[in-house]
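First the structure, in the form of structure tokens, and then the observations on it.
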Amino acid sequence: MAGLSCGIVGLPNVGKSTLFNAITKAGAEAANYPFCTIDPNVGVVTVPDARVERLVELVQPKNTQYATIEFVDIAGLVRGASKGEGRGNQFLDNIHHVDAIVHVVRCFQNDNVVHVDGKVDPVSDIDTINLELILADLDRCEKIIERLAKKAKGNDANAKKSVEVIKKMAAHLETNLSLRVLELTDEERDTVAEYKFLTDKPIIYVANVGEDDLPDMDNDMVQKVRDFAKTESAEVVPVCAAIEEEIAQLDGDEASEFLESLGLNESGLDRLIKRSYETLGLITYLTAGEVEVRAWTIREGWTAPQAASVIHSDFEKLFIRAEVKNFADFDRLGSEKAVKEAGLMRVEGKEYIVKDGDIMLFLNGK
């Protein structure tokens with residue numbers, strides 16, 4: 001499937017670029033002033049997966065490929081972005097192209113880091129960004145309605161249906177609420193799916209805390225972010241971006257020791273990457289052989305032929321059946337041969353819904 005991406009957004013100086021540096025080790029400039037990031041920085045990172053590591057240990061392949069997610073560091077938004085303030089039009093357009101939003105919120109006090117509004121108030125920061133995205137979506141609604149109006153007045157049933165749904169969305173947006181909390185039927189969502197509204201994208205709130213908040217990574221500001229996120233059924237991932245950037249410079253063993261010294265058993269970035277994967281409704285299936293062990297990204301609920309298509313488009317059309325092994329069985333018994341001898345390998349057909357962690361071998365008619 002096409003590469004999946006998360007756009008990192010937030011007000012200037014909340015720690016966005018520092019977080020991006022840590023995620024990708026790409027070294028994007030993290031200066032103490034607004035708009036130091038003008039063009040979006042893009043980095044592709046692996047999705048941590050202990051199952052891949054275990055299969056590599058057992059199979060000892062020539063190559064290893066983890067699943068990946070693309071993170072896009074989008075320059076800091078400010079009040080008025082929907083009207084073009086602070087290069088707002090350019091930044092909002094960048095957000096249109098990502099699959100999910102990672103909204104970084106400042107939850108630390110530091111007099112040496114200037115806040116664009118002169119005070120640290122995470123919920124106010126969230127409201128500022130969300131309002132700009134809401135206003136941008138409302139403007140988009142109005143333009144779509146205007147464009148479809150003539151067709152809707154005629155005999156175009158699809159245009160008429162689209163206008164009805166868009167008007168419903170516009171009325172909701174006018175209450176300053178995101179489209180994520182608007183109840184729509186599956187049919188209504190399908191009708192307007194092509195428009196990819198900003199406030200309808202899945203979102204994760206990253207609460208960026210200070211070093212004093214380790215190891216619990218909790219404070220009153222983080223709790224306020226959690227309370228707000230509940231209204232959108234959104235995830236909150238607390239991280240200390242400054243510490244994560246330090247961890248990113250260390251190798252595996254050093255990083256583990258550093259985490260342990262901080263009282264942490266997992267980096268905030270690993271949690272963010274995993275949550276991003278989950279928020280996008282993705283799962284992983286695995287292939288394992290002497291040539292390669294690989295994790296493949298698919299949508300939850302995909303059938304075996306759909307899953308095969310991410311390897312090659314012809315695999316879906318020519319699909320006959322799939323050999324499926326459970327990772328837990330493979331892990332416990334130690335080899336494909338042992339799994340087969342135990343009678344635990346299954347043969348599945350076109351209707352099989354792939355499960356997270358399935359080890360697959362596709363057989364086709366080519």
All pairs passing salt bridge (Lys or Arg N to Asp or Glu O under 4.0 Å) where residues 152-163 contributes a residue, at least two apart: Lys161-Glu187
Among all residues two or more places apart in sequence or in another chain, which pass the side-chain hydrogen bond (donor to acceptor under 3.5 Å, both in side chains) test with Lys355? none
Has Arg271 got a side-chain atom pairing as donor or acceptor with Pro238's backbone, closer than 3.5 angstrom? yes
Pair Asp121 + Lys224, salt bridge at N-O below 4.0 Å: no
Assess, by modelled atom type and distance only, whether the side chains of Tyr277 and Thr284 contain a donor and an acceptor separated by less than 3.5 Å. yes
Could you walk me through whether Val47 and Leu282 pass the side chain to side chain contact (heavy atoms under 4.5 Å, CB included) test, one step at a time? CA-CA 11 Å; Val47 178; Leu282 307 176; over 6 Å; no
Exceeds 12 heavy-atom contacts within 6.0 angstrom, atom CD of Glu300: no
Applying the side-chain contact (heavy atoms from CB on, under 4.5 Å) criterion to Phe197, which one of Leu138, Ile144, Leu182, Leu133 satisfies it? Ile144
Using a 3.5 Å distance criterion without hydrogens, assess whether the side chain of His103 forms a donor-acceptor pair with backbone atoms of Ile8. no
All heavy atoms of Ala328 vs all of Asn326, minimum pair found to be N-OD1, 2.8 Å
Kindly say whether Ser5 contributes a backbone atom to a donor-acceptor pair with the side chain of Asp99 at under 3.5 angstrom? yes
Are any side-chain N or O atoms of Arg299 and backbone N or O atoms of Leu280, one a donor and one an acceptor, separated by less than 3.5 Å? yes
Is Asn94 close to Val72 at the side-chain level, that is, under 4.5 Å between some pair of heavy atoms? no
Looking at residues at least two apart in the chain, or sitting in another chain, which of them share a salt bridge (Lys or Arg N to Asp or Glu O under 4.0 Å) with Asp329? Arg332
To the nearest 0.5 angstrom, please state how far the CG atom of Leu264 sits from the CD1 atom of Ile247. 6.5 Å
For Val59 and Ala288, which heavy atoms make the closest approach, and how far apart are they? CG2-CB, 4.3 Å
Any sub-3.5 Å donor-acceptor pair from Thr18's side-chain atoms to Ala242's backbone N or O? no
Tell me, yes or no, whether the heavy-atom count around Asp251 atom CG, taken from other residues, nucleotides or ligands under 6.0 Å, exceeds 12. yes
Quick one: do Met345 and Phe330 satisfy side chain to side chain contact (heavy atoms under 4.5 Å, CB included)? Show the steps, please. CA-CA 10 Å; Met345 188 192 77; Phe330 203 113; over 6 Å; no
Work out which heavy atom in Val236 is nearest to a heavy atom in Ala229; give both atom names and the distance. CG2-CB, 3.4 Å
Residues forming a side-chain hydrogen bond (donor to acceptor under 3.5 Å, both in side chains) with Gln306, sequence neighbours excluded: Thr303
For Asp73 and Leu19, what are the C-alpha separation, side-chain angles and deciding distance, and is it a side chain to side chain contact (heavy atoms under 4.5 Å, CB included)? CA-CA 9 Å; Asp73 181 25; Leu19 179 66; over 6 Å; no
Could you see if Met217 belongs to whatever hydrophobic cluster contains Ile204? Use Ile, Leu, Val, Met, Phe, Trp, Tyr and a side-chain cutoff under 4.5 Å. no
Whether the side chain of Asn364 engages the backbone of Asp314 through a donor-acceptor N/O pair (distance < 3.5 Å, no angle test) should be reported. no
Mind checking whether Phe319 and Tyr352 have ring centres under 6.0 Å apart? no
Report, as yes or no, whether the 6.0 Å neighbourhood of atom CD on Glu266 holds more than 12 heavy atoms from other residues, nucleotides or ligands. yes
Checking side-chain contact (heavy atoms from CB on, under 4.5 Å) against Val9, which of Leu198, Ile101, Val102 comes through? Ile101
Is there a donor-acceptor pair closer than 3.5 Å between any side-chain N or O of Arg51 and the backbone N or O of Phe327? no
Would you name the heavy atoms of Lys16 and Gly10 that are closest together and state the gap between them? CD-N, 3.1 Å
Do Glu70 and Val42 have side-chain heavy atoms sitting under 4.5 Å apart? yes
Quick check: closest heavy atoms across Gly15 and Val104, and the distance to 0.1 Å? C-CG1, 4.4 Å
Kindly work out whether a path of hydrophobic side-chain contacts (I/L/V/M/F/W/Y, heavy atoms less than 4.5 Å apart) joins Ile134 to Leu184. yes
Can you establish whether the number of heavy atoms outside Arg180 located under 6.0 Å from its atom CZ is more than 12? yes
Using a 3.5 Å distance criterion without hydrogens, assess whether the side chain of Asp213 forms a donor-acceptor pair with backbone atoms of Phe108. no
Qualifying salt bridge (Lys or Arg N to Asp or Glu O under 4.0 Å) pairs with a residue from residues 167-176, counting only residues at least two apart or across chains: Lys168-Glu188
Check each of Leu131, Val123, Ile129 against Asp127 using the side-chain contact (heavy atoms from CB on, under 4.5 Å) test, and report the only one that passes. Val123
same_hphob_cluster(Leu4, Leu286) at 4.5 Å side-chain heavy-atom cutoff: no
Derivation and outcome, side chain to side chain contact (heavy atoms under 4.5 Å, CB included), residues Val310 and Thr297: CA-CA 8 Å; Val310 302; Thr297 300; over 6 Å; no
Is a donor on one side and an acceptor on the other found under 3.5 Å between the side chain of Gln65 and the backbone of Glu292? no
For the side chain of Lys350 and the backbone of Pro305, is there at least one donor-acceptor N/O pair under 3.5 Å apart? no
Any side-chain heavy atom of Asn208 sitting closer than 4.5 Å to one from Arg106? no
Do Leu55 and Ile359 touch side chain to side chain, with heavy atoms closer than 4.5 Å? yes
Ser17 OG to Ile23 CD1 distance, which is reported to the nearest 0.5 Å: 10.5 Å
Please determine whether side-chain hydrogen bond (donor to acceptor under 3.5 Å, both in side chains) holds for the pair Thr279 and Glu235, giving the CA-CA distance in whole Å, both sets of side-chain angles, and the decisive distance to 0.1 Å. CA-CA 8 Å; Thr279 296; Glu235 292 275 358; 5.6 Å; no
Do Val222 and Ile126 belong together in a cluster built from hydrophobic side chains that touch within less than 4.5 Å? no
Of all heavy-atom pairs between Met221 and Val120, which one has the smallest distance, and what is that distance? SD-CG1, 3.6 Å
Met360 reachable from Ile283 in the ILVMFWY side-chain graph, under 4.5 Å edges: yes
Applying ring pair (Phe, Tyr, Trp, His ring centres under 6.0 Å), name anything that partners Phe228, two or more places apart in sequence or on another chain. Tyr205
